[in-house]
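Keep in mind the model is a prediction, meaning the values are calculated, not measured. Chain letters run A, B, ... following the sequence lines, proteins first and then strands; every chain starts at 1.
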There are 2 protein chains.
Amino acid sequence: MKHETFSGTQAAKVVAISYRQLDYWARTDLVRPSGTDATGSGSRREYTYRDLLELKVIKNLLDAGIKLESIRDVFAYMREHVDTDISSAHLVISGSSVVLCNGEELIDVLRHGQGVLNILPMSGVRDEIDRHIIELRPDLLSLQDKQEKPGFKAV
Amino acid sequence: MKHETFSGTQAAKVVAISYRQLDYWARTDLVRPSGTDATGSGSRREYTYRDLLELKVIKNLLDAGIKLESIRDVFAYMREHVDTDISSAHLVISGSSVVLCNGEELIDVLRHGQGVLNILPMSGVRDEIDRHIIELRPDLLSLQDKQEKPGFKAV
DNA sequence: GCTGGAAACTACGCGGGTGTAAGACGCTAC
DNA sequence: GTAGCGTCTTACACCCGCGTAGTTTCCAGC
């Protein structure tokens, strides 16, 4: 499969953020394009589908009122510990630790939770991304293949 | 029962926030002392036990990485819609709406949730507050009575 | 090789949420 | 009444997360 990538402005549109946000996040190492990074004025960033998933997760967390600072911690933690298919799980943030859960596990986490738990169902994230991509680029129906794994692992 | 109240500095210590935070929150109408409000330089704010619960909830949400702006929305919503005993329930924040749940309801909320859910078990909040109060003022063991209702209602 | 457009870069500014420091005020004790 | 202490108040400054605007660079099309 051809590595289908997205420019900065395209990525921003797909995940519904401003270009300035995307740019700021790239400069401050929150999410850099894993396709091609910027190499100076006039160069082009290339975001992969997997990047879009991360960006959308961030956008959802922001919309939920989570501070960007905390989101940075979450992703730092995730990049270290998490790497599996997340589509059917829930992302659970408790303080500085992050877990992926489904079903009974999730309930268990809730019963024992002492602090605030931030919970994001990941299935919705993938669906949303796919919808927006099709809207923006109907040619990319080849995305039906599931080759591209989302980038997180269960801890 | 004597309406036992707490000064600004005492309240700040009990909920483990800085005085500047407490002051800022009072000035910007997030949490004002329901005992006595400030009436100028040298006056004294009087916070009730119920106020302490609210402050502690805010502190926990902040620690979980929630933006103060969102917390303002949450409390605006709660003051309108919520008014029951929260000690045994979970505070669930989904976007701009807030609910109190326990057991099966909570699970249902999770299964149908599309956005991020912020979940705070309230039992821990009350316990934490009580512990810190006893630490600060061992004389107040009269707080064993449950006369003071927490200030939120189920929606 | 020139030109136009799209993207990345830079500079500047702003508002929110505090921290620090110092001043103003009321109350209690003497 | 005045000295001291605990508070509230005010002023100032800082950093983060962008928005706005203008500039620079690359690339495509001619």
Side-chain angles (χ1 to χ4, degrees), chain A residues 5-48 51-52 54-55 57-76 136-137, chain B residues 5-48 51-52 54-55 57-76 136-137:
Chain A
T5 58
F6 304 82
S7 73
T9 38
Q10 282 179 332
K13 281 177 189 169
V14 169
V15 299
I17 59 178
S18 71
Y19 175 79
R20 284 309 278 111
Q21 285 181 295
L22 187 76
D23 184 49
Y24 179 68
W25 298 352
R27 287 173 193 287
T28 54
D29 279 336
L30 179 54
V31 177
R32 318 196 69 133
S34 55
T36 308
D37 207 346
T39 58
S41 192
S43 68
R44 312 225 159 169
R45 288 193 260 254
E46 295 188 351
Y47 289 89
T48 64
D51 295 332
L52 297 190
E54 296 200 13
L55 290 170
V57 169
I58 294 176
K59 163 71 168 165
N60 280 354
L61 292 175
L62 271 185
D63 288 347
I66 315 278
K67 282 178 282 192
L68 197 63
E69 183 190 356
S70 300
I71 298 179
R72 286 185 198 280
D73 297 341
V74 168
F75 274 75
L136 183 68
R137 300 176 55 178
Chain B
T5 58
F6 304 82
S7 73
T9 36
Q10 282 180 331
K13 281 178 189 168
V14 169
V15 299
I17 59 178
S18 71
Y19 176 79
R20 284 309 277 111
Q21 285 181 297
L22 187 76
D23 183 49
Y24 179 67
W25 298 352
R27 288 174 194 287
T28 55
D29 279 337
L30 179 53
V31 177
R32 318 196 70 133
S34 55
T36 308
D37 207 346
T39 59
S41 194
S43 68
R44 308 213 164 177
R45 289 192 257 254
E46 295 187 353
Y47 289 89
T48 64
D51 294 331
L52 297 190
E54 296 200 13
L55 290 170
V57 169
I58 294 177
K59 162 71 167 165
N60 281 353
L61 292 175
L62 269 186
D63 287 347
I66 314 280
K67 284 177 281 192
L68 198 62
E69 182 189 357
S70 300
I71 299 179
R72 286 185 199 280
D73 296 341
V74 167
F75 274 74
L136 182 68
R137 300 175 56 177

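Counting only heavy atoms from C-beta on, A:Ser18 has its side chain closest to D:dC18 among D:dC8, C:dT18, D:dC18. Listed candidates were D:dT10, C:dA7, D:dG17. Nearest to the side chain of B:Arg27 is D:dT10. With C:dA7, C:dC9, C:dG17 as the candidates, the nucleotide lying closest to the side chain of A:Arg45 is C:dC9.
As a whole-Å value, the separation of B:Tyr24 OH from D:dC8 P is 18 Å. Separating the CG atom of B:Leu62 from the P atom of C:dT18 is a distance of 6 Å, rounded to the nearest angstrom. Atom NZ in B:Lys67 sits roughly 14 Å away from atom P in C:dT18 (whole-Å rounding). In this structure, A:Lys13 atom NZ and C:dA6 atom P are separated by 9 Å, rounded to whole Å. Rounded to whole Å, the distance from OH on B:Tyr19 to C1' on C:dG19 is 14 Å. As a whole-Å value, the separation of A:Asp23 CG from C:dC9 C1' is 8 Å. What separates CZ of B:Arg72 from P of C:dG16 is a distance of 9 Å, to the nearest Å. If you measure from atom CD of B:Glu46 to atom C1' of C:dC27, you get 13 Å, rounded to the nearest angstrom.
Within the 4.0 angstrom heavy-atom criterion, no nucleotide atom of any strand lies near A:Thr28.
Dashed line: the shortest gap from a side-chain N or O of A:Arg20 to OP1 or OP2 of D:dC16 is not under 4.0 Å. Note on A:Trp25: every side-chain N or O is 4.0 Å or more away from OP1 and OP2 of D:dG17. Within the structure, a side-chain polar atom (N or O) of A:Ser7 is placed less than 4.0 Å from OP1 or OP2 of C:dA7.
For the residue pair A:Leu52 and A:Ala11, the shortest heavy atom distance occurs at CD2-CB, 3.6 Å.
For the pair B:Trp25/B:Ile71, no side-chain contact is recorded, criterion being any heavy-atom separation below 4.5 Å from C-beta on.
Side-chain atoms of A:Asp23 never come within 3.5 Å of backbone atoms of A:Arg20 as a donor-acceptor pair (strictly under, hydrogens ignored). The main-chain N or O of A:Asn60 is never found under 3.5 Å from a side-chain atom of A:Asp63 such that the two would form a donor-acceptor pair.
Here the CZ-CG distance, from B:Arg45 to B:Leu22, works out to 6.5 Å after rounding to the nearest 0.5 Å.
Near-neighbour residues of DNA chain C inside residues 29-44 of chain A, defined by a heavy atom below 4.0 Å, number-ordered: A:Ala38, A:Gly40, A:Ser41, A:Gly42, A:Ser43, A:Arg44.
B:Asp73 and B:Ser70 form no side-chain donor-acceptor contact under 3.5 Å, judged by distance and modelled atom types alone.
The only member of A:Val15, A:Thr36, A:Leu55, A:Val14 that meets side chain to side chain contact (heavy atoms under 4.5 Å, CB included) when paired with A:Tyr47 is A:Leu55.
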